[in-house]
Every structure is written in C-alpha cells, then in structure tokens.
Amino acid sequence: MDLPNTPFPARLLLVDDSPTNLRFLAHVLHNMGEIYFATRGEIALQIARDKHPDLILLDVEMPHMGGYEVCQRLKQDPLLAEAAVIFVTSHQSMEHEIQALEAGAVDYISKPLNPPIVRARVKTHLTLKQQSDKLRQLANRDGLTGVFNRRAFDELLSVEYRRHLRTQIPLGLVMLDVDYFKRYNDFYGHLQGDDCLRQIANTLVMASRRPAESVCRYGGEEFVVLLPHCDRAAVLQYGLWLREQIHQLALPHEASDMGIVTVSIGGSACIPDERTSTTTMIQQSDSALYDAKRQGRDRVCLYPLPE
Ligand SMILES: [Mg+2]
C-alpha cells in the first residue's frame, strides 16, 4: 500500500516491557529520528497505526502479547506491513533467529546490546526502508501527473471496497474524461496536451483532500476519484464542484465549442453487498460518464439515470 512519503527524520518505535531498556535504546538512538515508546504489545500496535513508524525495535519477551505476535499482527495489516521490524532478545539460538525472520522481521539483535552495533543496524534498515518507499512510490504513481496509476487504484479500490462492505457505508466513485482532448492535442500539440492533463490532475488533487480520497489516472485523458463514505447525493455534489473547479482553471480550448477545457463526469455510489463488486462500481460510473458525453459533455451524470 502506498503511504505518504517518509518525511525526514525517520520515525522509530521502541517496544520493550522494561523502561530501563527503553531509556537505554532511546539514548543510543537519540539523533536518528523521531522516537516513540511502548511498554506493551497492544500499545505498540496502536502507536504503529497512528504514527506509521519506519522502523520498530521490538522486544521478544513481553507479558500479555509477545514480540512475535505483535510482528505477525503488523504484517497482516496492509497499512502497517511496510514498517521494518528488528527483534531485540536475550535468546541467542538459531531457532529463535529463524522464528524472528519468519515472523516478518528484517533483523535480529541480541542482548546485551552493543550501542555501535544497534546504531549501525538501525541505520542500514532505515536506508533500505527509504529506498523501498521510493520504489513503491514510483511503482504506484503515474509518471506524467504524479497521481496514482491504474495498478495502485485497483488495489486502493479493493481495500476500500472490503472496508465499506464490513461497515455497510456507501462508497462513491467518480470517473472523469477531458472533453475533446484529441482535438486539443491536434490543435495545441502533445506537450501542451500533457500540461493540460497535469493541470487537471492538480485540480483533482486539490479538490480531494478528505482522508483516503484517491485520485488516479485511469488511462489517456481519463481520471477516477475514489470517495469513501459518500452516498449518491455527496457524489453528485462532489462532481458538480469538480466541474466548477475545472471551469475556473479556464484553460483555452479553441477546438471545443465551449472555448475552454471542460470535463464530463460520471458517478456512482453503493453500499457493497454480495451482488456488487469493484467491477460493478467501475462499470456503473463508466456508464454514467458515457451518458454525460452523450448528453452534450461538460456535465455530471449519476448511475442509474432517472427514467
Ligand atoms: Mg522484555
């Protein structure tokens, strides 16, 4: 899953049931990032959800919930799975090391802790984490506009779909197509066409600021926006707002009757159940978009159309 860029400094979560050990680790790692602490597994999971640490130093031996269980839970949650986990333990056997790596840890440090070794390992794994964040970002983003690409969108849609299926709250989806874009490219050239798409994408991003609202380039001059917790009325309101924002951009389009760049928008919303799927949602928004085009473009249509 694509999380926000890891800002510098890195975020470190130190988990140990002994406050003395935590103080020692905090001292050793004091200038390597923003540091959070937990003395119990349950609290560590909560902080991980809130703070999205880059790296977690996790004590294996803790009462209630031990380090292996914390690690397994982290790795099962797509939003937490990217954190690098290093186990810290007084066990030194190969079996323990294997168990730690199998639980999803990237490394394993034995007590008593040697400060230079702890620092070196943490530094290595922070560097690797930042590199993998960058790769993930490249893999998930559209090169031209910087918004999510189709692959990332499919993943986000399926995560949100399952979440809305569990909570039985409506999920909205808007599909948007730039009107007469082929004519635009023919008239102004492809470089200006690219610039037009970038400006549209920026406008969509500025208009979609609620948590988990995701903008994606679906293909060519087509974009989709995922709207969590949105019913039909909210999807319509959002669509009309988008159309207005694109009007305000006032990008000249001499090859269009409108004289400026406009968009056609199709939207749908549903409470997921066993009869619907992510494909249904895409098809419904797509069919509403088709109606918006057929009715003359520069407008918003919702699925299903009124009889
Ligand atoms: Mg302990």
Side-chain angles (χ1 to χ4, degrees), residues 1-136 159 163 166 211:
M1 199 44 39
D2 196 67
L3 292 171
N5 267 343
T6 304
F8 192 80
R11 287 177 298 259
L12 300 166
L13 171 58
L14 313 181
V15 190
D16 198 305
D17 60 318
S18 149
T20 313
N21 288 353
L22 283 181
R23 265 195 296 277
F24 176 74
L25 277 173
H27 175 69
V28 170
L29 301 171
H30 74 279
N31 57 357
M32 296 191 73
E34 220 170 278
I35 297 185
Y36 303 95
F37 304 95
T39 50
R40 296 164 61 111
E42 297 87 342
I43 296 170
L45 289 171
Q46 191 53 53
I47 296 177
R49 276 182 215 110
D50 292 346
K51 303 294 180 188
H52 292 290
D54 297 294
L55 188 124
I56 303 176
L57 260 79
L58 189 52
D59 182 23
V60 172
E61 296 88 19
M62 291 187 291
H64 309 296
M65 190 191 289
Y68 293 141
E69 188 181 344
V70 174
C71 187
Q72 276 157 2
R73 292 197 184 200
L74 287 167
K75 296 300 161 186
Q76 280 162 8
D77 185 331
L79 290 174
L80 306 178
E82 311 300 345
V85 174
I86 300 180
F87 277 120
V88 181
T89 177
S90 42
H91 293 297
Q92 299 200 359
S93 72
M94 195 196 284
E95 287 75 33
H96 278 95
E97 187 160 353
I98 291 171
Q99 194 178 353
L101 297 175
E102 278 181 354
V106 293
D107 209 345
Y108 179 93
I109 307 177
S110 300
K111 292 176 191 171
L113 298 173
N114 172 323
I117 289 183
V118 173
R119 287 180 65 83
R121 297 253 177 110
V122 165
K123 187 158 175 262
T124 300
H125 288 295
L126 281 178
T127 307
L128 288 172
K129 169 67 167 49
Q130 276 167 358
Q131 285 168 350
S132 72
D133 283 351
K134 265 188 209 145
L135 284 177
R136 196 166 38 248
V159 168
R163 191 160 73 84
R166 276 198 305 277

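Just follow the structure's listing: the first ligand is 1, and inside any ligand the first atom is 1.
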Notebook entry, point to check: If you leave out waters, which protein N, O or S atoms are less than 2.8 Å from the Mg ion (ligand 1)?
Noted result: D17 OD1, D59 OD2, E61 O
Margin query: Does anything in residues 98-119 form a ring pair (Phe, Tyr, Trp, His ring centres under 6.0 Å)? List the pairs, not counting sequence neighbours.
Written below: none
Hey, can you pull the donor-acceptor pairs under 3.5 Å for the side chains in residues 22-41, sequence neighbours left out?
residue, atom, partner, partner atom, Å
H30, ND1, H27, O, 3.0
N31, OD1, R119, NH1, 3.3
N31, OD1, R119, NH2, 3.3
E34, OE2, Y36, OH, 2.4

Margin query: Do D77 and R73 make a side-chain contact, defined as non-hydrogen atoms from C-beta onward lying under 4.5 Å apart?
Written below: no
Please output the side-chain donor-acceptor pairs of residues 55-67 that fall under 3.5 Å, not counting sequence neighbours, one pair per line with the distance.
residue, atom, partner, partner atom, Å
D59, OD1, E61, N, 3.4
D59, OD1, K111, NZ, 3.3
E61, OE2, T89, OG1, 2.8
E61, OE2, H91, NE2, 3.0

Check: Taking NZ, NE, NH1 and NH2 as the nitrogens, is one of them in D133 or K129 under 4.0 Å from a carboxylate oxygen of the other?
Finding: yes
Notebook entry, point to check: Side chains of Y68 and H96: does their closest heavy-atom pair fall under 4.5 Å?
Noted result: yes
